[in-house]
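Notes follow once the structure below has been shown.
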Amino acid sequence: LHARHGSLTGSRAADMLSTIRSGEAAARRECKGQLVSEIVTQLPVTDTFVNQAMSWGIEQQQYGVRAYEVRGALVQSSGFLRSHTVRAGCSLDGHVGDFDGIIEVKCPKSTTHARLLQEHTLGSRYLPQVLHNLWITGAQWCDWMSYDPRFPPHLRLHVIRVPRDESSIADYEQKAL
């Protein structure tokens, strides 16, 4: 928490991009307020809520990484990565090679995993975090995955490769600054 306080992170990216027709979206205003308070107080905001589903997902993430590695990629951990130019950074679920690629693992409810298996698309819910992490790391791709060990083995891991798109990253960077 201390490494990331006062920094825009991938987990805050969707809130930072929130918009409404007029004025400022509540999620964006809250995100900015949290960042300002962390900068001023030099303390991380620790009032984060974790429910049972989130806790289960956190516990299962390591197994999702292992299932991905079985496909032939060695996943490395990196800790918190900070931008050298702006107050932003990311905590990756892992990276491959010399940050050639990054991974993002989600372990959602089974109903969500089933829907993701059918849709074969990342969707707007997860794309901001992926763009943010690609922006910070300079990686060429992100393998975003949904993992659910309750499914039969051939359906447990669903991977969607998101290639780096400089236009989308530039648009994201402009909104982040």
Side-chain angles (χ1 to χ4, degrees), residues 1-20 24-65 68 75-96 99 101-109 112-113 116 121-139 141-148 158-160 162 164-165 168-169 171-177:
L1 289 175
H2 281 285
R4 51 188 284 140
H5 86 277
S7 296
L8 178 62
T9 61
S11 59
R12 295 174 174 168
D15 291 340
M16 184 274 303
L17 292 176
S18 293
T19 59
I20 55 175
E24 184 174 42
R28 182 176 171 87
R29 187 173 49 252
E30 179 65 25
C31 178
K32 285 171 43 179
Q34 183 177 349
L35 291 172
V36 167
S37 69
E38 288 179 349
I39 292 166
V40 171
T41 65
Q42 293 294 298
L43 296 170
V45 172
T46 58
D47 61 347
T48 55
F49 172 76
V50 177
N51 64 27
Q52 185 178 9
M54 293 165 65
S55 181
W56 185 87
I58 292 166
E59 292 168 8
Q60 296 304 310
Q61 182 176 318
Q62 64 182 318
Y63 304 112
V65 171
Y68 179 79
V75 176
Q76 302 171 62
S77 59
S78 57
F80 186 75
L81 304 171
R82 184 178 300 281
S83 168
H84 298 292
T85 57
V86 296
R87 283 188 162 278
C90 62
S91 298
L92 300 175
D93 292 338
H95 70 275
V96 178
F99 291 92
I102 58 177
I103 66 165
E104 184 63 39
V105 183
K106 301 298 180 193
C107 302
K109 298 183 300 185
T112 302
H113 183 73
L116 291 166
T121 182
L122 191 61
S124 60
R125 178 176 178 192
Y126 302 109
L127 189 57
Q129 184 175 22
V130 168
L131 285 173
H132 179 90
N133 293 350
L134 288 169
W135 172 52
I136 295 296
T137 64
W141 49 265
C142 175
D143 275 352
W144 181 93
M145 63 196 84
S146 177
Y147 175 75
D148 190 336
H158 179 55
V159 180
I160 298 173
V162 180
R164 184 180 187 86
D165 175 355
S168 296
I169 301 235
D171 182 53
Y172 175 83
E173 180 178 22
Q174 181 181 15
K175 292 173 182 173
L177 301 176

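Residue numbers count from 1 along this sequence. In this text, all values refer to a predicted model and were calculated from it rather than measured experimentally.
Heavy-atom minimum distance, Leu134 versus Cys142: CD2-N, 4.0 Å. Shortest non-hydrogen contact noted between Asp93 and Glu104 is OD2-OE2, 3.2 Å. Between Ile102 and Ala139, the shortest heavy-atom contact is CG2-CB, 3.8 Å. Annotation for Leu81 and Ile136: closest pair O-CG2, 4.0 Å, computed over non-hydrogen atoms. His95 and Ser77 get closest at one heavy-atom pair: CE1-O, 3.8 Å. Closest of all the heavy-atom pairs between Cys90 and Asn133 is CB-OD1, 3.1 Å.
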For the pair Tyr172 and Met16, evaluate side-chain contact (heavy atoms from CB on, under 4.5 Å) and give the outcome as yes or no after the intermediate values. CA-CA 10 Å; Tyr172 175 83; Met16 184 274 303; 3.6 Å; yes
Take Lys106 and Trp144, measure what side-chain contact (heavy atoms from CB on, under 4.5 Å) needs, and give me the verdict at the end. CA-CA 8 Å; Lys106 301 298 180 193; Trp144 181 93; 3.7 Å; yes
Determine whether Val162 and Tyr126 satisfy the following criterion, side-chain contact (heavy atoms from CB on, under 4.5 Å), listing intermediate values before the conclusion. CA-CA 11 Å; Val162 180; Tyr126 302 109; over 6 Å; no
Show your working on side-chain contact (heavy atoms from CB on, under 4.5 Å) between Arg164 and Ile169 and close with a plain yes or no. CA-CA 8 Å; Arg164 184 180 187 86; Ile169 301 235; 3.8 Å; yes
N/O donor to acceptor pairs below 3.5 angstrom from side-chain atoms of residues 51-59, sequence neighbours left out:
{"residue": "Asn51", "atom": "OD1", "partner": "Ala53", "partner atom": "N", "Å": "3.1"}
{"residue": "Asn51", "atom": "OD1", "partner": "Met54", "partner atom": "N", "Å": "2.7"}

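His132 places a side-chain N or O within donor-acceptor distance of the main-chain N or O of Gly89, the cut-off being under 3.5 Å. The backbone N or O of His113 sits nowhere less than 3.5 Å from a side-chain atom of Asp148 that would complete a donor-acceptor pair.
The line from OG1 of Thr9 to CD of Gln129 is 8.0 Å long, rounded to the nearest 0.5 Å. Summarising the geometry, atom CD belonging to Glu30 is positioned 11.5 Å from atom OG belonging to Ser18; distances are rounded to the nearest 0.5 Å. Remark: Arg125 CZ to Thr112 OG1 distance equals 6.5 Å, nearest 0.5 Å. Here Lys175 contributes atom NZ and Leu131 contributes atom CG; the two are 9.5 Å apart, rounded to the nearest 0.5 Å.
Side-chain contact between Val86 and Trp135: present, with at least one pair of heavy atoms (C-beta onward) separated by less than 4.5 Å. Proximity of Arg87 to Leu35: side-chain heavy atoms (C-beta onward) are nowhere separated by under 4.5 Å. When side chains are defined from C-beta on, Val105 does not count as touching Tyr68, because their heavy atoms never get closer than 4.5 Å. Residues Phe99 and Leu92 are in side-chain contact: their nearest non-hydrogen atoms beyond the backbone lie under 4.5 Å apart. Proximity of Tyr63 to Cys107: side-chain heavy atoms (C-beta onward) are nowhere separated by under 4.5 Å.
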